[in-house]
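Quantities reported herein were computed from a predicted structural model and do not represent experimental measurements. One is the number of the first residue; the rest follow in order along the sequence. Each ligand, and each atom within it, is numbered from 1 in the order the structure gives. FYI, side chains are in, hydrogens and waters are out, and symmetry mates aren't considered; it's all heavy atoms of this structure.
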Amino acid sequence: MGKTRILILGGTTEARLLAEQLTEHEGIDVLLSLAGRTKEPLPQGAPVRVGGFGGSAGLAAFLKSEGIEMMIDATHPFARQISANAADAAKIADVPFFALGRQAWLPVVGDQWHEVADVAAALTALGPTPRRIFLAIGRQEAHHADRFPQHFYLVRSVDPVDPPLQAPDVVSILDRGPFDLDGEVRLLKQHLIDCIIAKNSGGSATYAKIEAARLLGIPVLMIARGAATTVPTVGSLEAALDRIDHFVSVAAKRGV
Ligand code: NAP
């Protein structure tokens with residue numbers, strides 16, 4: 001009997017770990033899809049394809065032509081376009097589909113969060129007085145800072161912001177999580193940061209900056225998630241593996 005062919009939409013630690021684990025499953029042939037944003041992604045431990053599909057129609061065509069029998073959206077919570085495309089494509093191609101999601105972070109005692117809708121709203125909320133900002137949102141949306149040149153920006157990303165920011169007072173650092181509390185406290189102190197702009201990504205890899213902000217009494221402009229998805233979603237790697245196991249064993253019993 002053939003193996004069950006599974007496509008994972010990735011670009012996250014969870015997707016990488018899930019794909020890696022599925023390579024060890026004898027009944028599964030896994031393929032991990034990356035957008036290609038990171039110049040040198042970490043080794044993924046599973047077969048990878050790179051680049052967009054061409055919208056939901058392109059993804060649906062890919063699912064059919066590649067004989068994909070199940071798709072999992074394990075992309076970042078702020079990668080909204082690919083998630084919407086995946087939900088549409090699964091319907092068009094009639095392929096079983098679920099998402100591996102991350103719980104959003106919740107504020108705890110000591111946090112000074114101000115929720116905002118997006119990066120532009122966060123920068124607008126800062127007001128005219130110059131501030132020292134840790135812009136911890138990755139590189140794709142960092143260019144919004146150019147419209148607010150009165151602030152100092154510490155920008156951290158895996159690859160350089162391209163083209164570089166035009167704002168006059170910018171320090172760029174290239175680094176990849178996971179980050180730890182000591183390092184984040186040191187970084188915030190070193191650059192005299194007085195406000196952090198962050199996405200509510202959830203997960204542990206980038207949470208240390210939120211803890212560091214709490215410790216140092218620094219406010220966080222927290223970019224909120226979009227509307228909740230209607231796609232069936234599991235919240236952990238284990239739950240995703242259970243669901244996949246169940247699907248594969250049912251398919252095996254049916255002899256497909
Ligand atoms: P996005 O806005 O939701 O997607 C834009 C387009 O990129 C999609 O329409 C699709 O192109 C392509 N794409 C995105 N993810 C893909 C994937 N896994 N495989 C193949 N094509 C993909 O995505 P984004 O916010 O730019 O994020 C890009 C990637 O970076 C995602 O894989 C995400 O998991 C990862 N990431 C994003 C963030 C973030 O804050 N947004 C943070 C960390 C990691 P076509 O329409 O041509 O298919």
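- Below 3.5 Å of separation, one finds an N or O of G10 facing an N or O of ligand 1.
- Here the heavy atom of the protein found nearest to atom 27 (O) of ligand 1 is A79 CB, 3.8 Å.
- Formation of a donor-acceptor pair under 3.5 Å by the S236 side chain with backbone atoms of A239 is found in this model.
- Looking at every heavy atom in both residues, H144 comes nearest to L123 through CB-CD1, 3.5 Å.
- Residues passing the side chain to side chain donor-acceptor pair (under 3.5 Å) test with D29, sequence neighbours excluded: R5.
- Residue-ligand proximity, F78 to ligand 1, at heavy-atom distances under 4.0 Å covers atoms 25 (O), 40 (O), 41 (N).
- E115 pairs by the side chain to side chain donor-acceptor pair (under 3.5 Å) definition with nothing, not counting sequence neighbours.
- At under 3.5 Å, a nitrogen or oxygen of K199, whether backbone or side chain, sits near a nitrogen or oxygen of ligand 1.
- The minimum heavy-atom distance linking R16 with P43 is given by the pair CD-O, 3.5 Å.
- Without hydrogens or angle criteria, R139 side chain to V158 main chain gives no donor-acceptor distance under 3.5 Å.
- The residue among Q140, Q81, R139 with a heavy atom at the shortest distance from atom 2 (O) of ligand 1 is Q81.
- Ranking the protein heavy atoms by distance from atom 37 (C) of ligand 1 puts H76 CB, 3.5 Å first.
- Within ligand 1, the atoms closer than 4.0 Å to a non-hydrogen atom of S33 are 17 (C), 18 (N), 19 (N), 20 (C), numbered from 1 in the order shown.
- Which parts of ligand 1 touch G55 is read off a 4.0 Å heavy-atom cut-off, strictly below it: atoms 45 (P), 46 (O), 47 (O), 48 (O).
- Residue-ligand proximity: L34 is placed with a non-hydrogen atom under 4.0 Å from ligand 1.
- A donor-acceptor pair under 3.5 Å is formed between the side chain of W105 and the backbone N or O of G203.
- Ligand 1 places these atoms under 4.0 Å from at least one heavy atom of I82: 1 (P), 3 (O), 4 (O), 10 (C), 13 (N), 14 (C), 15 (N), 16 (C), 22 (C).
- With a 4.0 Å heavy-atom cut-off, ligand 1 is reached by the backbone of R80 but not by any atom from C-beta on.
- The protein non-hydrogen atom at the shortest distance from atom 48 (O) of ligand 1 is F53 N, 2.6 Å.
- With distances taken over non-hydrogen atoms, the option nearest atom 11 (O) of ligand 1 out of A86, G177, A74, G52 is G52.
- Taking both residues in full, the closest heavy atoms of S83 and T75 are given as OG-OG1, 3.3 Å, listed atom of the first, atom of the second, then distance.
- A donor-acceptor pair under 3.5 Å links the side-chain atoms of Q112 to the main chain of G217, judged by distance alone.
- Comparing E141, R37, E14 by heavy-atom distance to atom 5 (C) of ligand 1, the nearest is R37.
- Taking every heavy atom of G51 and a limit of under 4.0 angstrom, the matching atoms of ligand 1 come to 20 (C), 21 (N).
- The nearest heavy-atom contact from the protein to atom 16 (C) of ligand 1 is A35 CB, 3.5 Å.
- Residue contacts with ligand 1: G54 is included, with a non-hydrogen atom under 4.0 Å away.
- Here the closest non-hydrogen pair linking R176 and E40 is NH2-O, 2.8 Å.
- When non-hydrogen atoms are compared, ligand 1 lies under 4.0 Å from neither the backbone nor the side chain of I137.
- Near N85, meaning under 4.0 Å from one of its heavy atoms, ligand 1 places the atoms 9 (O), 46 (O).
- Under the 3.5 Å distance criterion, the side-chain polar atoms of N200 are left unmatched by any main-chain donor or acceptor of R225.
- Of the possible donor and acceptor atoms, one in the side chain of Q150 sits under 3.5 Å from a partner among the backbone N and O of G127.
- By the 3.5 Å distance cut-off applied to N or O atoms, R49 is not counted among the residues near ligand 1.
- The N/O atoms of T12, backbone and side chain alike, include none that comes under 3.5 Å of an N/O atom in ligand 1.
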